[in-house]
Amino acid sequence: MVEGLSKRYGSIKALDNVSLSLTEGSITGLVGPNGAGKTTAIKVILGLLLPDAGRVEVFGQNPWDNEKIRGRIGVVYEKSFFPPHQNILEYLQRCCRIFGVDESKALDLLKTVDLLDHKHQQVKSLSKGLLQRFSIGHALIHNPKLVIADEMTANLDPQARASILDLVLQLRKDQNVTFMISSHVLPELSHVCDSLVIINKGRLIASGKISDLYEKYTAASVRISAEKTEELAREIGKLPYVKKLTANARDISIQVEPGKEQNLYEDASAIARKIQVKIYGIETANASIDELYKQAVQPNNGG
Amino acid sequence: MVEEDKKKGKPFLEVLSATLQEDYRFPVLEVFAFLYVLGTFAFASFGSVSFVSQTSLRAYSAFSLVNSIAGVTSFSTLILLVLILKNVAYGFGSDLERGTIQTYFSYPLKRRSILTAKLLSAIGLSLLLFVTVQITALYIIAPQIVSSYLSTVVLSYLANLSYFLIVICITILMTLLLKKGAVTLIFGIILYFGLYISVSFASLISYAAHSALALQIVSCFSPNYALGLYLSSNSNPIFNVWVPSYAEVLSFIVVSYSIVAALLVLSYYYFSRRLNL
């Protein structure tokens, strides 16, 4: 979909040779710190910005000034701007006419995004949260096959966030809609996304299925409950794949290199037998998505 | 085929309708301007008989009549200028500045159609309104002059309008480049009067240097000046550094409209091919 994309704003490299692709029916999270290039990437994909180099294809076509593919894309901008003096129901009905959709869809969508009580308000009188909901409804008016959302749940209360994320999952399930969602709220993304694209300082740091990224970037954390933990920890600490180790009277927390959990089970058991220490239990704890993100954007990991 | 064309036309009309609603949502200024201009002309029509009887029916009087109603500094033209600059700067410029244009870009429309909708809304309606008012007023005030010197009246009107259109087109281009509503509004007003003042400077330079070059350059964007020199050539021969021929006047009018067309093409090209949002 995007290949070797580069974009500069004066001396600032907003995008530097970024390549990524979306699978049909997938939900992909686009993450990165502020100023990483997420919005620039989205704008290039939507045909709002011309890249300095690289190729973009959406549904097999160049998105720049291509009105044909716009009928298949729904967009939620980070900051939504609609003509301010339009009544929201009338404006959605106008959008129905623009896309050749039955006008009754406008009311259905207002109901979906919980804006029915505000249907006669003008756009300019909506609060940030309500405007965001309106923007989501606006993006879905024409049954898009791809939805690109920049900070979709920003300004929403927790209940509205949950219902919007449920809606995303429902649309994927019922209509096989593909989503690309840029967000700073990582736990939220981990609930809905299959894969992640992590960019930092305009460069692609990592992309792929979330499970694969966990394996690649996070150290597996293993906790061993045992007697004589101090003695056992001293011996385990000598193992070459152990990255970090802390012990108290009852437990030893160990971080190992990705994929080395099984080795630790076997080696720890062998050590315990050798020094005659009884192990009560061994369990693995998964890193959070925040930890995955922090690891990925660390300078020595490419970030 | 017809059904498909209808489908294609609908998004354009819907966007045009939305932009018209935004640009003319509170048309107090427009209504005030319309009534004021109409009222002025209605009162003027009472004196039209004496005006005609006291003025010899020469082509120059037709030219002066058009200038008094639709000239660069006439009141109705200034109202039109304020209206259009307000629509271009605050309507279009603010859409670019705030990002509303991005919303229009999510609809199945070519960029050029979006620009056309914005320009028709920002300029088309006000221009149509005022051209109608001015032409009607011309006929009400001096029907004899208009009917006797129709070609001069038409040429004078076209020559005045091209100057106005050049200023508007440059302002549109600046709006696209700067994406700042307030800045382009100020720019447009300064440009309008700046160009007008430059005509006086060009005259001074020409008289001092006994060279027609400065006047010819000025006539490219203000062909009304060349037309005035052509029509008044017999009345003030001493001051005539340059007396253009009728063909030259026509050429300057064509050149000025070519500048308008070129600026519009440039705006469309930039908006369609280069404008990053």
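Treat the numbers as computed from the prediction; the structure is a model and nothing was measured. Residue numbering restarts at 1 for every chain, and letters A, B, ... go by the order of the sequence lines. The basis for the numbers below is simple: all heavy atoms, side chains too, and nothing from hydrogens, waters or symmetry mates.
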Part of B:Ser17 within contact of chain A (heavy atom distance under 4.5 Å): both
Region of B:Ile101 that comes under 4.5 Å of a non-hydrogen atom in chain A: neither
Any non-hydrogen side-chain atom of [X] less than 4.5 Å from a side-chain atom of [Y]?
| X | Y | answer |
| --- | --- | --- |
| A:Thr23 | A:Thr178 | no |
| A:Leu92 | A:Phe134 | yes |
| B:Leu115 | B:Tyr268 | yes |

Could you look at [X] and say if it's the side chain, the backbone, both or neither that has a heavy atom under 4.5 Å from chain B?
| X | value |
| --- | --- |
| A:Tyr77 | side chain |
| A:His142 | neither |
| A:Lys7 | side chain |

Residue selection (most heavy-atom pairs with chain B, distance under 4.5 Å) from A:Ile69, A:Val44, A:Leu49, A:Val75: A:Leu49
Interface residue of largest heavy-atom contact number with chain A, from B:Asp95, B:Thr100, B:Leu275, B:Val15, under 4.5 Å: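 When all of B:Asp95, B:Thr100, B:Leu275, B:Val15 are compared, B:Thr100 has the most.
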Ring centres under 6.0 angstrom apart (B:Tyr157, B:Tyr163): no
Salt bridge present between A:Glu103 and A:Lys105 (N-O < 4.0 angstrom):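 Answer for the salt bridge query: no.
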B:Ser222-B:Asn224 side chain donor-acceptor pair, cut-off 3.5 Å: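 No, B:Asn224 and B:Ser222 have no side-chain donor paired with an acceptor closer than 3.5 Å.
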